[in-house]
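What follows is one structure encoded as structure tokens, with my remarks underneath.
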Amino acid sequence: MDVKDMCGAVSALVTEPRFAQQLREYLEGEQILDARYRLQKMPGGSVALPVLGEKLTEQHLRALQKSGPQEVPCRLTWIQDPVPSKAASVQTPAQKLCHKLQRLVVGSGESWSEELEHDVPRSWQRHGDLVLLSEDSFSAALWEKLGPALWETVASALGAQRVARRGRVLPGGMRSPSVTLLLGQDGWVEHVDNGIRYTFDVTKCMFSPGNITEKLRVASLPCSGEVLVDLYAGIGYFTLPYLVHAAAAFAHACEWNRHAVEALRRNLALNGVQDRCRIHHGDNRQLELQDVADRVNLGLLPSSEEGWPIACRVLKKETGGVLHIHHNVENLPAPAHQQPGVLRDEQRPPEEASSVRQVDRERERWSLKDAENCRKETQVARVRPEWRRWAEAAAKRIQGLLEELHGRPWRTSILHIEAVKSYAPHVHHVVLDLECRPTLPA
């Protein structure tokens, strides 16, 4: 691609309309026609055919005189802002972004390079009119020299109004994101999952689209009439599916990040369930609740173990309930001949098969790409030995905590181990559904 092309002009041969088809056939045969752009009418009625200028030679022009029964009159010119052909106009967003950035860089007097091309992001998160770029995009020194024009170009190419870039997650229990707003006035966005509306400030709150399978599973659980305690509620990732779809009667949502609490309040109101939830703002280790929950969600990674004693305390002491325990479990890859396959529905317990079918029905509402990515993440062995060993150890530990707390025997039963996603190489985010019941009356 030559400099003038990237600045908005392309080479073209101009001829009379009656010779246009003959000229086109010749150029196509010589592979000189620039198929990225349409033929264009010129002042005076002539026709311009875009050509690959670096391939066009004097020999080609002379050969045109012999390409048909009549000499083909033509002259070389430039077309400013050529119209893309139908085929070329069907670009992926990433291709469109790269093309616009090329024009920006060259138009600014700089050189486009392979390094810059590799630095352009191929994927991003979209939240309404805001695109959230990955932390490793636009790291080359040249981008900073372009100033605001860079982010305006990115927004224009991707059909957005605001642009932000993710940084490293800041250390600490609140897991605050390090996100910089590059274009726009504020970071509040809205995201819809499974009919639930979430609003949050991307510069202050985390949002993980990779947890969609677990949110769908939670939405399918039979929670009618139950009281939920969500010990790590965030902006309501799981609190809302329990209330909106699983029909929980009431929820206690615990969260200590004030920015997440603000988003949670808004989200409860957005989804019309604010009257069925009480927010406990602060450290859940100081939570005064006890003996209230039929179900407890412990959605903290890499481990929710610090919340296990609290979960035991808030469970109903007369009837117990179910804990949903999130954890990152490390496992070494097994030899190929030992890799267990994915269970078919007819091989699953009835309640699990029903849940899986519900998830599959919900997936049909997403784009095919999202659904396929999700299936690749979740179609992993559901009974890997490392997961089973961790689940059994957790069940034993929680049984001991309950017996120590209440002074009587309890039993814990593993209902299900759910693989949510691959968190890192050989590390999986899993959820243990653990039923906890007293075995003797108080």
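Predicted model only: the values in this text are computed from it and were never measured.
Contact check for Glu110 versus Lys145: side-chain heavy atoms found under the 4.5 Å cut-off. The shortest distance between side-chain heavy atoms of Asp119 and Ser139 falls below 4.5 Å. A heavy-atom distance below 4.5 Å is found between the side chains of Leu101 and Leu150. Looking at heavy atoms from C-beta onward, Val431 lies in side-chain contact with Arg217 at the 4.5 angstrom threshold. Looking at heavy atoms from C-beta onward, Val314 lies out of side-chain contact with Gln290 at the 4.5 angstrom threshold. Residues Val120 and Leu116 fail the side-chain proximity criterion, which asks for heavy atoms closer than 4.5 Å. A 4.5 Å side-chain heavy-atom check between Ile398 and Ile325 finds at least one atom pair inside the cut-off. Using a 4.5 Å heavy-atom cutoff, the side chains of Leu130 and Trp188 are not in contact.
Classified by interplanar angle (parallel below 30°, tilted 30° to 60°, perpendicular above 60°), the ring pair Phe200/His127 is perpendicular. Between His252 and Phe250, the angle of the ring planes goes over 60°, which puts this pair in the perpendicular group of the 30/60° scheme. Note on ring orientation: taking the six-membered ring where Trp is involved, the planes of Phe138 and Trp151 are perpendicular (angle over 60°, cut-offs 30° and 60°).
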Before giving the answer on side-chain hydrogen bond (donor to acceptor under 3.5 Å, both in side chains), spell out for Arg258 and His281 the whole-Å C-alpha distance, their side-chain angles and the decisive distance to 0.1 Å. CA-CA 7 Å; Arg258 62 185 178 88; His281 181 193; over 6 Å; no

Show your reasoning for whether side chain to side chain contact (heavy atoms under 4.5 Å, CB included) applies to Arg384 and Val430. CA-CA 11 Å; Arg384 287 191 176 180; Val430 300; over 6 Å; no

Pair Cys223, Leu228 - check side chain to side chain contact (heavy atoms under 4.5 Å, CB included), show working. CA-CA 9 Å; Cys223 301; Leu228 165 77; over 6 Å; no

Side chain to side chain contact (heavy atoms under 4.5 Å, CB included) for Glu306 and Leu300? Distances and angles first, verdict last. CA-CA 9 Å; Glu306 67 174 19; Leu300 181 66; 3.8 Å; yes

When you look at Leu298 and Ile310, which way does the side chain to side chain contact (heavy atoms under 4.5 Å, CB included) test go after all the steps? CA-CA 10 Å; Leu298 298 105; Ile310 310 162; over 6 Å; no

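When all heavy atoms of Gly320 and Pro438 are compared, the pair lying nearest together is N-CD, 3.9 Å. Nearest heavy atom pair, residue Asn211 against residue Lys421, reads OD1-NZ, 2.7 Å. Minimum interatomic distance between Glu226 and Asp294 (heavy atoms only, all atoms of both residues): CA-OD2, 3.4 Å. Here the closest heavy-atom approach between residue Arg162 and residue Asp186 is recorded as NH1-O, 2.8 Å. The nearest pair of heavy atoms linking Gln40 to Pro82 is OE1-CA, 4.0 Å. Nearest heavy atoms, Gly307 versus Leu231: O-CD1, 3.7 Å.
Residue Lys96 qualifies as open at atom NZ: its count of foreign heavy atoms under 6.0 Å is 12 or below. Enclosure of atom CD in Glu404 is not indicated, since only 12 or fewer non-hydrogen atoms of other residues, nucleotides or ligands lie within 6.0 angstrom.
With Asp230 contributing its side chain and Gly236 its backbone, the two residues share no donor-acceptor pair below 3.5 Å. The backbone N or O of Asn257 lies less than 3.5 Å from a partner atom in the side chain of Glu255, making a donor-acceptor pair. No donor-acceptor pair closer than 3.5 Å links the side chain of Ser156 to the backbone N or O of Glu152. Glu403 contributes a side-chain N or O that, together with a main-chain N or O of Trp410, makes up a donor-acceptor pair within less than 3.5 Å. Between the side chain of Arg276 and the backbone N or O of Gln274 there is no donor-acceptor pair closer than 3.5 Å. In this structure, Asp34 contributes its side chain and Leu52 its backbone to no donor-acceptor pair below 3.5 Å. In this structure a side-chain-to-backbone donor-acceptor pair under 3.5 Å is present from Asn267 to Ile235. The main-chain N or O of Ala35 is found under 3.5 Å from a side-chain atom of Ser85 such that the two form a donor-acceptor pair. Using a distance-only test at 3.5 Å, with no hydrogens or angles considered, no donor-acceptor pair links the side chain of Arg295 to the main chain of Tyr242. Judged purely by atom type and a 3.5 angstrom limit, Ser11 has no side-chain atom pairing as donor or acceptor with the backbone of Trp78.
Checked for salt-bridge contact, Arg389 and Glu392 miss the test: no charged N lies under 4.0 Å from a carboxylate O. Salt-bridge formation is detected for the pair Asp81/Arg103: a Lys NZ or Arg NE/NH1/NH2 atom is positioned less than 4.0 Å from an Asp or Glu carboxylate oxygen. Between Arg266 and Glu262, at least one side-chain N (NZ, or NE/NH1/NH2) sits under 4.0 Å from a carboxylate O, which counts as a salt bridge.
Cys436 contributes atom SG, which lies 10.0 Å from atom CG of Leu401 (distance to the nearest 0.5 angstrom). The distance from the OG1 atom of Thr412 to the CG atom of Leu402 is 8.0 Å, given to the nearest 0.5 Å. In this structure, the separation between CZ on Arg313 and CG on Leu405 is 8.0 Å, given to the nearest 0.5 Å. Atom CG of Asp291 sits about 7.5 Å away from atom NE2 of His406, to the nearest 0.5 Å. Atom OH in Tyr237 sits 11.5 Å away from atom CG in Asp193 (nearest 0.5 Å). Here the CD1-CG distance, from Ile417 to Leu432, works out to 6.0 Å after rounding to the nearest 0.5 Å.
Here the options are Trp390, Tyr232, Phe238, Trp308, the test is ring pair (Phe, Tyr, Trp, His ring centres under 6.0 Å), and the partner is His326; only Phe238 passes. The side-chain contact (heavy atoms from CB on, under 4.5 Å) test with Leu268 is passed by exactly one of Asp275, Ile279, Val244: Ile279.
For the residue pair Asn328 / His429, no side-chain donor-acceptor distance below 3.5 Å is found, with atom types taken as modelled.
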